[in-house]
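These notes concern the structure reproduced below.
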Amino acid sequence: MVRNISQKFIIGLVFFLAIGSIYAFFDPYGATWDEYVYTHEARHLASDGDHGFVETLRPLGLPVVLSSVGATDIESARLINSLIGLAMLLAFFKALRTINVRANKAAAITVITTLIPTMFEAMTGVWAMPLAFLAACVSIVTYNHDYWPWIILSGAAAAFAFQTRAIYGAWLLTGITLPFIEIPITRKYNEIANRLAAFSFGAAGVLILFAGLHYRLFSDLAVQQGFPRIMSIIYPMYQQLIDHASSYLWVNDHGVMFYLRHIYSITPLLILAPLASESLLNRLDREHWYVIGSLTIITAFLFITPHKETRYLRVILPWVAAGAYVVAYRLVETALAPTKTIAVVATVIIFGGTMMPTVYEHVALEIPWHEEEAAKQSQLNTNMPFYENDRVLLGTPVVESDASLRIGYYDDVFFLSRLQQNDYNGVIYDPDAFPCQQNDSACLSRRDTIQSLLNTQYYEYVSVANTTIYTDPDGTAAAGQPSQDPSLR
C-alpha cells in the first residue's frame, strides 16, 4: 500500500514538474500582472526591503512561501506553483475521503478534469488560489480529529488560507463560529470547547506572525492614510475587505444573480450539483458541519459583495463538481453501463467533454492577448534605463527592475498624489491601468493632469503600446549602482 502511494506520488510529482518546467521556461506568452506582483513582493521580503515592493490588496501568504524557498523570479516561482498544485490535488482527495463523499477513484479522476480551468488560471497569474485551497483542504482534513495537535494544525491552516487569499477567510470564520452552533444540537460542551480552543490557538499563532509582518511593512503607510500605527497589523485585511465591498470601474456591480448565471458555464453538468446534497447530508457529523458551514459562508460572501469575478467561483467549484459527479456517475451506471469500469470511462468522457468550452475560452481565446503582452514586456524590460538606487514610480507592476520601486497603480488619485511629489528618477505609466467612465469628468480631468505633469517634469524615454517609460529631465536615470543584470539596465 505504501509502495503504491509512493509510486503514485512520484508519478504525479514528475508530471507536475514537467508541466511546470514547460510553462516556466518555454511559455511564449509572457507573464501576467499577478505574477509580477507576487514575485516583486517575494523579492522585497527576501531582500529585507532592498528590492521589489509589497502591496495591501494581496495577502502576503504566497510571497512568504516563495521568498522562503528563494523563488523570487517568475520561472522558479512557476515551478513552486506547480508543486503547490500537486499538493492541492493530494489534499483535496484526502479531504474528499474525510467527508465521506461516495465518489471513490472515479470522482478523483473527474475532479482532476474539473480543476483544469483552476490550474490554468493558477498558471496565468492567479497563483494564490492553489496555495489557499491547499491550506483550506488541510484544515478540513485535520478539523475533526480528537488529537488536539491536529486541531491546532487545522486552525493554523485555515488562518494561513485567509492570509493567502482573502475570500478563504470563510474557512477560518467557520471553524470559530461552528462550535457555537453545534453546542445546542449535540450538547457535547467539553469536547466542543476543547476543539474550539485548540483551533483558535492554531489560528492565533499564524495571525500573530502575520500581524507582526504587517506592522513592520505597513506601519508608515497606515499612518500616512490617517490610521493609528497599531492599525497597521490589520491594515491589509481592511484594504482587502474594502476591495471586495466596492466595485471597480472594470468590475461593475453585477447583482446577486451574477454567479448563478455563470457557474454553469464552467460545465453544464453542474446543474446536477443540487441533487448531490444527499451525499453530503447523509450524516450530519463534524466533517459535514464544517464543510457545509464553510461553503454556506463563502457562498453568501460571494453573492453579497459587489466585486464579482467568475474566477472566484473556483473557491467552491471542486466541492460542487465532486457532488455533481456523484449524481452523473449514478445516472450513467444505471442507464447505460453494464460494468463500473465502463461507467467510469463514460462519465469522465461526458463530464470532461463539457469542460472543453471553458478550457478553450481560457486558452485559445486569450493567446492573442498574451502574445501582445509578451512582446510589450520584452521591449519594456530590454529598454529599462534605471539603476539599482533609482526611485521609480509604477503605474503598472509589469516590469523587471532592481530599482527602488514605488507603487502608484490601482488608484489614479493615489498615483497623482505620488507623482506630484516629483522626487523620482523615473515613472512607468500606463493609462489603461486607470480607466475612466465616459461621463466621469473628474477622472478624465485627473488623467489630463497626470499626462501634463509627466510631459513637463519628465522625459519620454521609450513608449511601447500604451505603456511609457519616463526618466528625469536630462533623459538619463540618476547616478547609482548599476544593476547586476545588464538586461535590466
Side-chain angles (χ1 to χ4, degrees), residues 29-37 39-41 43-44 47 49-55 72-74 369-436 443-489:
Y29 302 122
T32 63
W33 181 293
D34 282 37
E35 287 181 307
Y36 276 104
V37 171
T39 50
H40 280 308
E41 291 187 317
R43 191 177 299 116
H44 185 88
S47 66
D50 292 337
H51 302 292
F53 58 79
V54 288
E55 64 167 46
T72 58
D73 59 87
I74 288 175
W369 179 84
H370 282 296
E371 288 178 334
E372 294 177 3
E373 281 296 299
K376 182 174 77 172
Q377 292 169 22
S378 177
Q379 291 184 56
L380 285 174
N381 292 323
T382 300
N383 291 282
M384 194 65 60
F386 303 115
Y387 295 94
E388 188 171 356
N389 291 339
D390 290 337
R391 298 179 305 278
V392 180
L393 178 63
L394 297 181
T396 172
V398 187
V399 295
E400 294 179 10
S401 177
D402 283 335
S404 179
L405 304 177
R406 305 289 196 273
I407 295 176
Y409 55 86
Y410 282 133
D411 188 299
D412 60 341
V413 176
F414 180 63
F415 181 83
L416 178 57
S417 67
R418 286 209 152 187
L419 181 62
Q420 289 171 333
Q421 297 174 8
N422 193 24
D423 63 347
Y424 305 104
N425 303 113
V427 180
I428 301 175
Y429 178 61
D430 181 359
D432 290 344
F434 308 102
C436 292
C443 180
L444 294 172
S445 176
R446 284 193 298 271
R447 176 176 289 189
D448 291 340
T449 302
I450 288 172
Q451 192 61 61
S452 176
L453 288 173
L454 289 171
N455 292 338
T456 56
Q457 297 177 356
Y458 296 92
Y459 171 80
E460 183 177 322
Y461 182 81
V462 65
S463 183
V464 181
N466 289 331
T467 304
T468 304
I469 298 176
Y470 294 89
T471 62
D472 52 3
D474 62 1
T476 60
Q481 295 299 318
S483 170
Q484 296 301 312
D485 185 350
S487 67
L488 299 182
R489 295 180 187 176

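In this chain, residues are counted from 1 in sequence order.
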Worksheet item: Can you tell me if Arg447 uses its side chain to pair, donor with acceptor, with the backbone of Pro431 under 3.5 Å?
Response: yes

What pair of heavy atoms forms the shortest contact from [X] to [Y], and how long is it?
{"X": "Ala403", "Y": "Asp390", "answer": "CB-O, 3.5 Å"}
{"X": "Leu393", "Y": "Ile407", "answer": "CD1-O, 4.0 Å"}
{"X": "Val37", "Y": "Tyr409", "answer": "CG2-OH, 3.8 Å"}
{"X": "Arg43", "Y": "Ser47", "answer": "O-OG, 2.8 Å"}
{"X": "Arg406", "Y": "Arg418", "answer": "CB-NH1, 3.5 Å"}

Worksheet entry | side-chain contact (heavy atoms from CB on, under 4.5 Å) between Val399 and Asn381, worked out | CA-CA 6 Å; Val399 295; Asn381 292 323; 4.1 Å; yes

Is any side-chain heavy atom of [X] less than 4.5 Å from a side-chain heavy atom of [Y]?
{"X": "Gln457", "Y": "Tyr470", "answer": "no"}
{"X": "Tyr458", "Y": "Thr468", "answer": "no"}
{"X": "Ile469", "Y": "Val392", "answer": "no"}

Discussion item. side-chain contact (heavy atoms from CB on, under 4.5 Å), that's the test. Do Glu400 and Tyr36 meet it? Break it down for me.
Written reply: CA-CA 8 Å; Glu400 294 179 10; Tyr36 276 104; 3.6 Å; yes

Worksheet item: How long is the span from the CG atom in Leu380 to the OH atom in Tyr461, to the nearest 0.5 Å?
Response: 11.5 Å

Item to complete: Look up atom OH in Tyr429 and atom CG in Asn466, then write down how far apart they are to the nearest 0.5 Å.
Response: 10.0 Å

Discussion item. Among Ile74, Asp73, Thr72, exactly one meets side-chain contact (heavy atoms from CB on, under 4.5 Å) together with Thr39. Which residue is that?
Written reply: Ile74

Practice prompt. Could you list the residues that satisfy ring pair (Phe, Tyr, Trp, His ring centres under 6.0 Å) with Phe53, not counting sequence neighbours?
Written response: His40

Practice prompt. Would you please test Leu405 and His44 for side-chain contact (heavy atoms from CB on, under 4.5 Å) and show each step?
Written response: CA-CA 10 Å; Leu405 304 177; His44 185 88; over 6 Å; no

Practice prompt. Check the angle between the aromatic planes of Phe415 and Phe434 and answer parallel, tilted or perpendicular using the 30° and 60° thresholds.
Written response: tilted

Discussion item. Testing Asn455, Asp448, Thr449 one by one against Gln451 for a side-chain hydrogen bond (donor to acceptor under 3.5 Å, both in side chains), which residue passes?
Written reply: Asn455

Discussion item. My understanding is that only residues two or more places apart in sequence, or in another chain, count here; which of them pass side-chain contact (heavy atoms from CB on, under 4.5 Å) with Thr396?
Written reply: Trp33, Val398, Ile428, Asp430, Thr467

Item to complete: List in chain and number order the residues that pass salt bridge (Lys or Arg N to Asp or Glu O under 4.0 Å) with Arg446, two or more places apart in sequence or in another chain; answer none if no residue qualifies.
Response: Asp412

